[in-house]
Amino acid sequence: MTFPLVLNTFRVRAFFSLFVLLGFCSSSSGTIRYEVSLAHPEQHLFHVTMTIPDVTGEVVVQMPAWNALYQIRDFSHHVQQVEAFAGSEMAPVEKLDKQTWRVRGSGTIRIQYAIYWDEVGPFASQLNSEHAFINPAMILMCAPGRRLENVSLSIPNPPEDWRAESGAGVSFESMGRARNFFIEAANYDALSDAPIEVGKFEEFQLTGFKPEIWVVIHGDNWKRKKVEEDLKRICQYELKLMEGAPFERYTFILHIGKGAGGGGMEHADSTAIGVPSDDFLPGVAAHEFFHLWNVKRIRPASLEPVDYSREQYTRALWFAEGVTNTYGAYTLVRSGIWNKEQFYADLGGQITELENRPANRWQSAEQSSLDAWLEKYPFYNEPEYSVSYYTKGQVLGDLLDILIRDRTENQKTLDDVLRAMNTEFAKQGRTYRDSLDVRLTVEKIAGSSFEEFFGKYVVGIEPFPYEQVLALAGLELRIMVQQRPTLGFTTAHDANGDLVVQSVVADGPAAQAGLRPGDIVLVWNGGEVPRRPDRWLREQRPGDQLKLWVGREEKKVPLEVRLGESKETFYGVAEDARASEKARHIRDGLLHGVTRAAAVH
């Protein structure tokens with residue numbers, strides 16, 4: 001569907017960046033234009049032309065090193081064939097480092113290059129014969145000294161039956177047989193925060209919302225009625241919770257079906273989500289839509305201004321991401337998508353995940369946030385070496401909410417904290433000082449000190465007081481211990497699809513049997529090697545024998561490995577039948593988003 005150009009260009013974010021970027025911007029001004037050709041999509045090459053006006057002597061351009069994930073991914077390694085022109089003449093191009101080029105020349109400079117992408121979104125970009133999904137920061141160079149200037153992006157002559165959508169708004173131009181999709185934005189940062197879907201897709205508007213909310217779906221494993229109903233419930237609840245929409249128009253870009261990946265990425269006026277089926281959509285959508293407020297507008301100072309060239313460290317992801325998880329779960333239960341048993345099961349699962357990771361004993365919520373940039377390394381993600389700020393932050397959010405309700409006789413809640421931060425920071429164009437301003441806002445709402453709580457559980461690493469705090473909400477923690485088998489080694493598939501031993505537990509049964517890192521598993525118990533050994537393991541018992549043939553130094557070696565044993569502790573959350581009246585009121589408040597004051601009225 002074609003609609004009028006919407007220039008909702010993320011004013012808050014631009015305001016945050018303004019005071020720092022002014023010191024680095026040249027006096028030149030104008031519109032930096034990008035043209036992205038999708039010709040021959042089967043080659044997976046975006047052909048990009050960047051046109052920069054009013055250049056005096058030289059201009060420096062750069063490919064971002066990161067975007068969408070807190071990971072340095074060096075998008076420049078996708079770039080090919082960089083060349084430049086000043087007018088009709090070739091201009092000298094000098095590469096300064098892995099992501100930076102200097103072009104010498106004056107007047108209007110035109111830079112051309114190709115960039116390869118064929119990775120499933122929402123954290124990447126893709127061009128193939130079915131569609132194009134564009135995360136602009138992954139395919140467009142920027143001029144670091146001119147990031148505040150207006151930008152435009154055009155996609156000329158796309159395949160005949162393709163359309164385009166974006167949170168920034170897409171206009172359509174047609175002159176005879178020539179066709180063009182066109183986007184304008186206030187600056188590079190605004191454009192980079194507006195993913196674009198181009199191709200054949202389903203599109204519909206969620207009814208009953210002002211401002212408008214649109215849904216774009218590329219995929220096949222979904223039913224419109226279910227998607228529409230779930231998204232309407234989520235949006236209705238969160239918009240009511242936060243007292244109105246912070247956008248002029250919002251777009252869900254959904255990739256649903258086999259190979260669509262899993263997860264979502266928040267943007268100022270849109271989200272891009274990939275899920276294997278519509279069953280997985282509500283959990284991701286509830287989280288991403290709440291990011292409209294928490295992180296996109298209620299924004300930690302440590303994330304502004306955005307520096308695309310290097311890591312950007314923050315101690316606030318436990319709140320920006322973890323407490324957004326808290327509200328994802330709240331939204332699902334309070335909107336009726338979940339029943340209360342599902343809410344309790346989710347909370348118990350988060351606690352189980354925390355308590356079964358040894359790193360939870362030494363990595364604080366703030367340190368986990370700070371170390372987000374290590375997540376691209378598989379070793380770091382092992383239970384012994386890290387804990388998720390999503391998980392730790394979600395549980396902290398629940399505990400904070402219960403304590404605020406308890407101290408205020410269930411008249412104030414974590415909801416009030418988020419609304420207060422939205423009013424005092426987001427709507428005023430201010431960033432907050434990581435955990436400090438979160439604590440100060442909690443104290444203002446609760447009317448009492450939370451310095452000890454933050455010192456112990458946010459900055460510090462003391463064990464969370466689950467039993468004591470849950471009891472205040474008429475809930476109890478139930479602990480179950482189960483024995484399970486273990487392989488004693490880890491594996492991963494290599495580029496050829498072979499299952500390769502990555503690590504072997506020292507002095508474990510696999511090590512005693514002679515298994516070594518680097519061994520290629522050829523035969524598994526006399527048959528084919530399972531695609532997912534962890535799933536195979538679920539059907540076994542400790543002490544069972546596993547007979548392997550492995551490839552090692554061009555030889556086939558037989559091994560017999562006895563499965564090990566470990567004890568796994570599971571945590572559940574259930575209602576306490578003996579809870580006091582006050583605790584039952586708090587419990588109802590968690591489940592339904594109400595306070596005692598609201599109940600009285």
Stacked cation flag R407 on F450, 6.0 angstrom / 45 deg
yes

Any pair counted as salt bridge (charged side-chain N to carboxylate O under 4.0 Å, His left out), so long as it reaches residues 456-470, sequence neighbours left out:
E452-K456

So, using salt bridge (Lys or Arg N to Asp or Glu O under 4.0 Å) as the criterion, who are the partners of [X] when residues are at least two apart?
X    : result
R587 : E575
R478 : E476
R315 : none
D371 : none

Quick one: side chain to side chain donor-acceptor pair (under 3.5 Å) partners of N294, sequence neighbours excluded?
T324

Partners meeting side chain to side chain donor-acceptor pair (under 3.5 Å) with N325 (sequence neighbours left out):
H287, Q394

Quick one: list whatever passes ring pair (Phe, Tyr, Trp, His ring centres under 6.0 Å) with [X], sequence neighbours left out.
X    : value
Y188 : Y308
F133 : H255
F204 : none
F453 : Y457

Give a yes or no on whether a salt bridge exists between [X] and [Y], defined as a side-chain N under 4.0 angstrom from a carboxylate O.
X    : Y    : answer
R299 : E304 : yes
R405 : D398 : no
R419 : D416 : yes
R430 : D437 : no
E424 : K444 : yes
D278 : K223 : no

Start with the C-alpha gap between Y571 and N356, add the side-chain angles, then the distance that decides, and say whether side chain to side chain donor-acceptor pair (under 3.5 Å) holds.
CA-CA 10 Å; Y571 296 82; N356 283 329; 5.9 Å; no

Using side chain to side chain donor-acceptor pair (under 3.5 Å), reason through E355 and N360 one step at a time and then give a plain yes or no.
CA-CA 7 Å; E355 294 305 310; N360 188 42; 3.3 Å; yes

Is the count of non-hydrogen atoms from other residues, nucleotides or ligands lying under 6.0 Å from K240 atom NZ greater than 12?
no

E366 and side-chain contact (heavy atoms from CB on, under 4.5 Å): which single residue from T314, V459, D434 fits?
V459

Residue pair G259 / V120: nearest heavy atoms and the distance that separates them:
O-CG2, 3.3 Å

Classify the ring geometry of F247 against Y250: parallel below 30°, tilted from 30° to 60°, perpendicular beyond 60°.
tilted

Taking I253's backbone N and O only, do any of them form a donor-acceptor pair with W214's side chain (distance below 3.5 Å, no angle check)?
no

Using modelled atom types and a 3.5 Å cut-off, is there a donor and acceptor pairing between side-chain atoms of Q342 and backbone atoms of N339?
yes

Would you check if there is a donor-acceptor pair between the side chains of H267 and E288 at a distance under 3.5 Å?
no

Take W318 and S364, measure what side chain to side chain donor-acceptor pair (under 3.5 Å) needs, and give me the verdict at the end.
CA-CA 10 Å; W318 71 269; S364 71; over 6 Å; no

When you look at D401 and Y330, which way does the side chain to side chain donor-acceptor pair (under 3.5 Å) test go after all the steps?
CA-CA 11 Å; D401 197 6; Y330 279 169; 2.7 Å; yes

Can you name the residues that form a side-chain contact (heavy atoms from CB on, under 4.5 Å) with K582, not counting sequence neighbours?
D406, E409, S580, I586

